[in-house]
Peer 1: 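A single structure is presented below for examination.
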Amino acid sequence: MTENYTQLIERMLFQVTGDELEVTDVLMQSGGSINMSVCAQTEHGNFFVKWNELEFLDMFEKEAKSLQFLKGKSSLRIPEVFGFGQLEEKAFLVLAFLERGAETQAYWEKLGEGLAELHQNTSDKHGFMFDNYIGKLEQKNQPETDWVGFYIERRLKAQVGKLSYEGNVSPAFEQQFATFLKKLPELLPSGTPCLLHGDLWNGNAFPTGRE
């Protein structure tokens with residue numbers, strides 16, 4: 001990591017914490033395919049910092065709001081959000097850095113228990129209070145009472161529609177997709193709307209040793 005990047009990260013940290021923190025080391029982080037992600041080490045703790053082009057500021061704002069909403073909804077450990085912002089045509093997000101631990105049997109049990117607790121947070125409609133993203137694709141979350149209808153309109157049609165608009169699916173596929181959608185109400189059970197993480201892969205759910 002170059003000195004210019006170190007200085008850039010220090011300015012990002014100052015913008016969200018108000019403290020002039022000296023970054024002693026910067027460790028690249030793997031996972032994800034959209035953003036530059038690093039662990040910024042300082043004498044006052046380690047920070048997870050990720051950034052991209054300015055067009056992603058809205059994405060980071062909604063990720064920060066989503067993490068803050070999840071905090072306290074279960075026993076799962078959610079990283080503290082220090083803030084998000086823009087600097088030198090870059091959008092960025094700063095979180096507390098969580099060190100990855102060993103995937104023991106106890107971890108998987110606690111993860112399952114935590115997710116079950118999360119799902120106990122229920123609502124009367126499927127959806128969310130604001131739209132968000134999956135990767136670079138915006139997700140519309142206007143609440144619906146019908147789960148299958150929400151899944152079809154807000155998720156499946158949105159993604160296939162984008163592929164169709166870009167010319168990446170054939171007319172034959174679109175016909176098969178339409179047939180599939182007609183069958184979905186028979187295949188998917190109804191259920192009580194509950195709180196989900198929404199992007200639960202091993203880059204977002206891992207043991208930290210303090211589960």
Side-chain angles (χ1 to χ4, degrees), residues 1-74 76-103 107 111 114 118 128-141 158-159 162 166 196-211:
M1 186 65 65
T2 66
E3 182 178 352
N4 287 340
Y5 269 130
T6 300
Q7 293 175 352
L8 177 67
I9 294 168
E10 288 176 344
R11 292 169 61 195
M12 290 175 177
L13 294 178
F14 176 75
Q15 190 174 125
V16 298
T17 68
D19 296 325
E20 294 185 353
L21 301 173
E22 180 183 357
V23 174
T24 57
D25 201 3
V26 176
L27 306 177
M28 297 294 299
Q29 301 298 299
S30 60
S33 58
I34 300 175
N35 308 300
M36 174 76 79
S37 302
V38 304
C39 170
Q41 298 183 337
T42 78
E43 292 184 356
H44 298 279
N46 299 338
F47 299 84
F48 180 78
V49 185
K50 62 180 179 178
W51 66 88
N52 211 309
E53 303 308 313
L54 193 56
E55 65 184 283
F56 292 97
L57 180 61
D58 180 55
M59 179 188 298
F60 289 150
E61 177 183 7
K62 290 178 177 179
E63 181 175 350
K65 289 171 63 177
S66 296
L67 287 170
Q68 290 166 335
F69 185 85
L70 287 173
K71 205 169 185 66
K73 297 296 192 299
S74 75
L76 296 174
R77 188 180 179 198
I78 307 296
E80 179 180 355
V81 177
F82 288 98
F84 61 92
Q86 62 185 72
L87 189 65
E88 294 187 2
E89 300 303 313
K90 299 184 186 301
F92 67 90
L93 174 68
V94 180
L95 309 174
F97 182 79
L98 302 183
E99 196 75 41
R100 184 180 289 269
E103 293 185 358
Y107 158 70
L111 176 62
L118 191 68
F128 200 50
M129 62 190 70
F130 54 83
D131 297 337
N132 53 18
Y133 291 84
I134 179 167
K136 295 181 180 179
L137 180 64
E138 188 174 14
Q139 292 189 141
K140 300 295 183 180
N141 293 323
Q159 296 200 35
K162 185 175 188 297
E166 295 172 348
L196 302 175
H197 181 282
D199 191 18
L200 200 63
W201 65 293
N202 63 7
N204 286 334
F206 55 85
T208 66
R210 288 178 52 191
E211 291 77 33

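These numbers were taken from a predicted model, which means no experiment stands behind them. The figures here come from the full heavy-atom set of this structure, side chains too, leaving out hydrogens, waters and symmetry mates.
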Peer 1: Applying side-chain hydrogen bond (donor to acceptor under 3.5 Å, both in side chains), can you list everything that pairs with Asp199, at least two apart in sequence or on another chain?
Peer 2: Asn204
Peer 1: List, one per line, each side-chain donor-acceptor pair under 3.5 Å for residues 38-49, sequence neighbours excluded.
Peer 2:
from, atom 1, to, atom 2, distance (Å)
Thr42, OG1, His44, N, 3.0
Thr42, OG1, Gly45, N, 3.3
Thr42, OG1, Gly45, O, 2.6

Peer 1: Sequence neighbours left out, what passes salt bridge (Lys or Arg N to Asp or Glu O under 4.0 Å) with Glu55? Give chain and number order.
Peer 2: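 Glu55 satisfies salt bridge (Lys or Arg N to Asp or Glu O under 4.0 Å) with no residue once adjacent residues are dropped.
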Peer 1: Judged by atom type as modelled, is there a donor-acceptor pair below 3.5 Å linking the side chain of Gln29 to the main-chain atoms of Leu27?
Peer 2: yes
Peer 1: Can you see which heavy atom on Gly114 is nearest to which on Ser74, and at what distance?
Peer 2: O-CB, 3.4 Å
Peer 1: To the nearest 0.5 Å, what is the distance between CG (Leu200) and CG (Leu111)?
Peer 2: 6.5 Å
Peer 1: How far does CD of Glu80 sit from CD of Gln68, to the nearest 0.5 angstrom?
Peer 2: 9.5 Å
Peer 1: Would you please name every residue forming a side-chain hydrogen bond (donor to acceptor under 3.5 Å, both in side chains) with Asp131, sequence neighbours left out?
Peer 2: none
Peer 1: Just to verify, what does Glu138 make a salt bridge (Lys or Arg N to Asp or Glu O under 4.0 Å) with, not counting sequence neighbours?
Peer 2: Lys62, Lys140
Peer 1: Asp19: what forms a side chain to side chain contact (heavy atoms under 4.5 Å, CB included) with it, not counting sequence neighbours?
Peer 2: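 Partners of Asp19 by the side chain to side chain contact (heavy atoms under 4.5 Å, CB included) criterion, ordered by chain and then number, come out as Thr17, Leu21.
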Peer 1: List for me each residue that meets side-chain hydrogen bond (donor to acceptor under 3.5 Å, both in side chains) alongside Glu63, sequence neighbours excluded, and say none if there are none.
Peer 2: Lys50
Peer 1: Report the residues that fulfil side chain to side chain contact (heavy atoms under 4.5 Å, CB included) with Phe14, sequence neighbours left out, ordered by chain and then residue number.
Peer 2: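 Result, side chain to side chain contact (heavy atoms under 4.5 Å, CB included) vs Phe14: Glu20.
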Peer 1: Nearest 0.5 Å, what's the CZ-CD1 distance between Phe92 and Ile9?
Peer 2: 11.0 Å
Peer 1: For Lys71, which residues count as a side chain to side chain contact (heavy atoms under 4.5 Å, CB included) partner, sequence neighbours excluded?
Peer 2: Ile78
Peer 1: Mind checking side-chain hydrogen bond (donor to acceptor under 3.5 Å, both in side chains) for Lys136 and listing every partner two or more places apart, or none if nothing turns up?
Peer 2: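 For Lys136 there are no side-chain hydrogen bond (donor to acceptor under 3.5 Å, both in side chains) partners, ignoring immediate neighbours.
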Peer 1: Within a strict 4.5 Å, meaning less than it, do heavy atoms of the Gln139 and Phe128 side chains meet?
Peer 2: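 SC-SC contact between Gln139 and Phe128 ruled out.
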Peer 1: Could you pull out every donor-acceptor pair under 3.5 Å between side chains of residues 82-91 and any protein atom, sequence neighbours left out?
Peer 2:
from, atom 1, to, atom 2, distance (Å)
Glu88, OE2, Arg11, NH1, 2.4

Peer 1: Give me the atom names and distance for the closest heavy-atom approach of Phe69 to Lys73.
Peer 2: O-NZ, 2.8 Å
Peer 1: Starting at CH2 of Trp51, measure out to CZ of Phe56 and round the result to the nearest 0.5 Å.
Peer 2: 14.5 Å
Peer 1: How far does NZ of Lys65 sit from CG of Asn132, to the nearest 0.5 angstrom?
Peer 2: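 Result: 10.0 Å between the selected atoms.
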Peer 1: Rounded to the nearest 0.5 Å, what separation is found between the CG atom of Leu76 and the NE2 atom of His197?
Peer 2: 8.5 Å
Peer 1: Of all heavy-atom pairs between Gly203 and Arg100, which one has the smallest distance, and what is that distance?
Peer 2: CA-NH2, 4.2 Å
